[in-house]
Structures are given as C-alpha cells and as structure tokens.
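Worksheet for the structure shown next.
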Amino acid sequence: MASLALSFPPAAAKTPSYLSSSSSTFFSSSLSFTTSQSHSRNSVFASIKCDLGNGNPSIPIINERTLPKFLESARMEKSANRSNNNTRLKLFSGTANPALSQEIAWYMGLDLGKIKIKRFADGEIYVQLEESVRGCDVYLVQPTCTPTNENLMELLIMVDACRRASAKKVTAVIPYFGYARADRKTQGRESIAAKLVANLITEAGADRVLACDLHSGQSMGYFDIPVDHVYCQPVILDYLASKSIAAEDLVVVSPDVGGVARARAFAKKLSDAPLAIVDKRRSGHNVAEVMNLIGDVKGKVAVMVDDMIDTAGTIVKGAALLHQEGAREVYACCTHAVFSPPAIERLSGGLLQEVIVTNTLPVAEKNYFPQLTILSVANLLGETIWRVHDDSSVSSIFL
C-alpha cells in the first residue's frame with residue numbers, strides 16, 4: 001500500500017495552502033492531517049487574483065472578512081464562550097479539498113482532526129480516525145467533486161468510521177454536492193441520482209448535511225435529515241462592492257430561465273440592480289445554444305450569476321450575446337468552479353472582464369488564467385459550523 005503524509009503549515013503562515021506549488025499532492029494514495037498550534041479565526045485571505053505573467057498568482061487582500069459587517073461584533077462577543085466549547089467539536093478533512101478545510105480550521109481557531117485515508121492498489125479506500133471522537137460533535141469537510149465517485153465513497157466511509165467510533169453527531173460538510181443536477185426526470189426512464197446520493201449519505205450515518213449553493217433548493221427535500229443550505233452570495237457581493245462600479249451602470253443577468261430566482265435575489269442585494277435574462281435551449285447535456293436576451297444591457301456592466309461553471313458553454317455564449325446587445329463589460333460570478341474541458345479555453349477567450357468563483361472546489365494551478373479571481377468561503381463555512389454547533393440561527397447570516 002503506497003502512502004504519503006501531508007502536513008499543513010504552522011499557524012504563523014497566512015498564505016492558504018492551495019497557493020503552494022506542491023498543493024496538488026493531496027490526490028496521493030494516503031493522506032494524514034496534523035497541525036500543532038491553534039490558529040486565529042481572522043487569518044484567511046478573502047481572494048486570490050490570478051496573474052500568469054510571472055507564473056504564480058498574486059494575492060491582493062480585498063478584505064479580511066467574508067461575512068457581512070453585522071456579524072463581526074457578534075462573532076467577537078462569542079469567541080470567549082466558544083473557546084471553552086472547542087473540546088466537543090471535531091473537524092476532519094477528506095482528500096478532496098484539504099486547503100479549504102485548513103482555512104476553516106484557521107478561522108475557527110481549531111486544529112484539524114488527525115485522520116488516515118489510504119487507497120489500496122485495487123482502488124479501495126481505507127479510513128482510520130487517529131484520535132477519539134466519542135461523544136463529540138464531528139464535522140467532515142468533503143466536496144464530492146472530481147473524481148466524483150471516489151470522493152463520494154470516501155465521504156461515506158468517513159461518516160461510517162465516525163459513527164462506529166461513537167461520535168455523538170456527525171455532520172457532512174459538502175461545499176459542492178455532486179449529482180445535484182440530476183434532481184428530476186426530464187425524460188422517460190431516467191434516474192434521479194441526487195435522491196440516491198442523499199439516501200446513501202443518510203444511511204451511512206450522517207445526522208446533518210451542510211451544503212453550499214445547491215443546484216436547486218428541492219434537493220434539500222431529498223434528505224431525511226436536517227440540511228443547512230449555505231448561500232455564498234455574501235462573499236461575492238462583498239468583493240463586487242469593493243469595485244468602483246456605479247450602481248446605475250449595473251445589470252444582473254441570469255444565464256438561463258432556471259436561474260432567475262437566484263439572479264433576482266443577487267440583484268436585490270446589489271443595489272437593487274435591474275435584471276436581464278438569457279433565453280437558451282439545450283440540444284444535449286453540456287451543450288447550450290443562446291437564443292435571445294430579455295432586458296436591456298446597452299452601455300451597462302453586466303454581471304452574470306450562476307451556481308456553477310462546468311464546460312462554460314452557457315456563460316461564454318451568454319457573454320457573446322451581451323456584447324452583441326451593447327454591454328460595456330461582462331463579469332461572470334459563480335460559486336462552484338467545476339471547469340470541465342474546454343472551460344478554461346472558453347473563459348480566457350477575452351469575452352469576460354473577470355471570472356469570479358469561490359474555493360468550494362479546488363482549482364488546479366494549471367487552470368489559472370488572468371481573468372480568474374478565487375474568493376474564499378472558509379469564514380462563511382466556519383461561522384455556519386459554529387452556529388450549528390451552538391444551536392444558533394444560520395439563516396440570519398444571509399438576511
């Protein structure tokens with residue numbers, strides 16, 4: 001059995017680990033997380049701006065928070081009480097996105113739990129917790145991104161290991177929920193894979209799920225356990241607010257009819273900007289054809305909002321249409337940077353002024369391009385975990 005131990009930088013290092021040139025090693029056959037010091041909850045960068053001129057991304061600090069201002073005082077007031085409650089909360093990371101897990105731990109002032117994850121020669125996954133979780137409230141951070149089936153199976157085995165180790169509660173923190181798009185039948189004899197995956201997570205022993213920007217809200221109903229739906233809008237809105245764009249020049253664009261509700265909510269919080277809709281029709285999976293535009297974008301800065309960018313066909317064709325209709329600049333914003341080929345070639349083609357995504361999924365360094373900006377959702381997820389653990393309101397974060 002091949003194995004590799006991966007340790008994270010000490011607390012003094014503020015640069016997120018996914019900026020390291022060796023960050024890709026987390027896909028190795030074995031992974032062991034160890035940290036030795038407590039970390040400040042304010043030590044997470046808010047964004048990464050990619051600049052390929054020197055081969056490495058530059059890192060401007062847009063702001064040190066990724067939460068609305070009204071949460072700052074409440075967070076500081078609770079810090080003392082929470083420090084006494086740390087011993088009953090355990091945070092573990094899978095191999096899918098260890099950098100995000102470490103950032104969440106920094107924000108929460110915790111050490112990541114020690115866990116051994118190995119893959120046998122035949123591909124089987126082995127998980128062993130290397131510390132006691134008996135009677136603890138355990139949170140497992142594992143997006144089910146590419147390779148989707150491996151990461152999903154790893155999450156299920158992690159949940160099972162915690163349950164058999166007598167954890168009091170097990171919460172699956174899934175920043176990106178794979179199979180979310182298979183949430184309904186559009187043709188005869190199709191499966192509803194989102195419901196199947198929800199059943200698997202529930203039967204594995206999870207007591208709660210915490211997920212970011214599900215493709216459709218109805219997916220929450222597929223779980224027979226509580227689901228906390230985390231909206232990453234505050235992170236993106238905070239970043240856009242730092243830009244010198246006049247409110248009267250903004251227009252929020254939904255790339256399809258299905259995303260109108262999401263775009264409307266985004267526009268309301270973005271200075272109540274007007275809304276436009278791109279009407280498209282699909283001829284097949286991952287193939288989009290833009291038809292026409294509903295709304296006025298002439299001379300305006302268009303902000304396209306979606307939950308994910310996969311092959312980027314929808315976003316790029318929508319951007320081309322917006323330019324044809326007279327838009328001055330086009331920004332693309334999404335939570336999940338899936339970036340399946342040929343997404344990078346399309347996004348870096350010059351139609352988009354900036355592509356703003358979050359780090360719910362790890363973005364490989366080879367996929368960086370000059371227009372890409374990555375925002376961290378670690379603070380948002382860390383605050384949500386604290387509130388769930390403290391039995392406090394989660395929805396008030398997004399009011």
Side-chain angles (χ1 to χ4, degrees), residues 47-52 57 145-146 176 180-181 213 215 232 236 239-240 243 245 249-260 262-263 266-267 270 273-375:
S47 73
I48 310 164
K49 180 66 177 178
C50 297
D51 181 5
L52 300 187
C145 53
T146 304
Y176 171 72
R181 286 173 285 184
D213 282 340
H215 186 63
C232 297
I236 298 174
Y239 175 73
L240 289 175
K243 292 186 166 293
I245 304 175
D249 291 339
L250 281 170
V251 58
V252 174
V253 182
S254 173
D256 54 35
V257 176
V260 171
R262 182 187 304 109
F266 192 89
L270 194 63
L275 182 67
I277 304 168
V278 175
D279 175 36
K280 69 169 174 32
R281 296 181 184 179
R282 291 187 184 275
S283 58
H285 294 295
N286 293 330
V287 179
E289 181 181 359
V290 173
M291 301 301 292
N292 51 35
L293 179 69
I294 304 170
D296 180 28
V297 298
K298 189 173 182 179
K300 293 184 177 292
V301 176
V303 179
M304 301 183 72
V305 180
D306 210 347
D307 62 321
M308 69 177 72
I309 297 177
D310 190 356
T311 59
T314 297
I315 290 291
V316 171
K317 290 185 178 181
L321 178 64
L322 292 172
H323 280 294
Q324 291 174 13
E325 296 294 329
R328 191 168 79 242
E329 293 178 347
V330 180
Y331 290 79
C333 302
C334 82
T335 301
H336 309 300
V338 180
F339 289 174
S340 302
I344 303 304
E345 290 78 5
R346 289 172 172 173
L347 294 172
S348 58
L351 288 172
L352 296 164
Q353 180 74 15
E354 191 171 359
V355 179
I356 304 166
V357 301
T358 72
N359 63 341
T360 56
L361 297 173
V363 179
E365 194 168 329
K366 66 179 181 180
N367 289 334
Y368 289 165
F369 54 95
Q371 297 91 344
L372 180 65
T373 298
I374 304 172
L375 306 178

- [ ] Check the pair Leu293, Glu325 against side-chain contact (heavy atoms from CB on, under 4.5 Å), reporting the backbone distance first and the verdict last.
- [x] CA-CA 8 Å; Leu293 179 69; Glu325 296 294 329; 3.6 Å; yes

Task: Closest heavy-atom pair and its distance - Val330, Ala319 - done: CG1-CB, 4.0 Å

Task: Closest approach of Phe369 to Leu347 (non-hydrogen atoms, all atoms of both residues) - done: CZ-CB, 3.7 Å

Open item on the list: side-chain contact (heavy atoms from CB on, under 4.5 Å), that's the test. Do Phe266 and Val303 meet it? Break it down for me.
Closed with: CA-CA 10 Å; Phe266 192 89; Val303 179; 4.2 Å; yes

Task: Thr373 side chain vs Glu354 backbone, donor-acceptor pair below 3.5 Å - done: no

Open item on the list: Working note: Ile294 + Val257, criterion side-chain contact (heavy atoms from CB on, under 4.5 Å); need CA distance, chi angles, decisive distance, verdict.
Closed with: CA-CA 10 Å; Ile294 304 170; Val257 176; 5.9 Å; no

Task: Side-chain heavy-atom pair Val251, Lys300 within 4.5 angstrom cut-off - done: yes

Open item on the list: Please find the pair of heavy atoms, one from Arg262 and one from His215, that lie closest to each other, and give the distance.
Closed with: NH2-O, 3.4 Å

Task: Nearest heavy-atom neighbours spanning Val355 and Ile309 - done: CG1-CD1, 4.1 Å

Open item on the list: Can you give me the closest heavy-atom contact between Ala343 and Asp310, atom names plus distance?
Closed with: CB-O, 3.2 Å

Task: Atom pair CD1/CD1 of Ile356 and Ile374 - distance to nearest 0.5 Å - done: 12.0 Å

Open item on the list: Quick one, Leu352 and Ile315 - any side-chain contact, counting heavy atoms below 4.5 Å?
Closed with: yes

- [ ] To the nearest 0.5 Å, tell me how far Phe339 CZ sits from Cys145 SG.
- [x] 13.0 Å

Task: Check: Arg346 side chain, Thr311 main-chain N or O, donor-acceptor pair, under 3.5 Å - done: yes

Task: CD-NZ distance between Gln353 and Lys243, expressed to the nearest 0.5 angstrom - done: 7.5 Å

Open item on the list: Could you tell me if the side chain of Leu240 sits less than 4.5 Å from the side chain of Cys333, heavy atoms only?
Closed with: yes

Task: Asn367 and Leu372, any side-chain heavy atoms less than 4.5 Å apart - done: no

- [ ] Drop me the distance from Thr335's OG1 to Asn359's CG, to the nearest 0.5 angstrom.
- [x] 11.0 Å

Task: 4.5 Å side-chain heavy-atom contact, Val253 and Val278 - done: yes

Task: Any donor-acceptor pair under 3.5 Å from His336 side chain to Asp213 backbone - done: yes

Open item on the list: Show the nearest heavy-atom pair for residues Met304 and Pro255, with the distance to one decimal.
Closed with: CE-CB, 3.9 Å

Open item on the list: Working to the nearest 0.5 angstrom, can you tell me the gap between Tyr331 OH and Leu322 CG?
Closed with: 14.0 Å

Open item on the list: With a 3.5 Å distance limit and no angle check, can you tell me whether Ser254 reaches the backbone of Ile277 through a side-chain donor-acceptor pair?
Closed with: no

Task: Polar side-chain atom of Arg328 near backbone of Val301 as donor-acceptor pair, under 3.5 Å - done: no

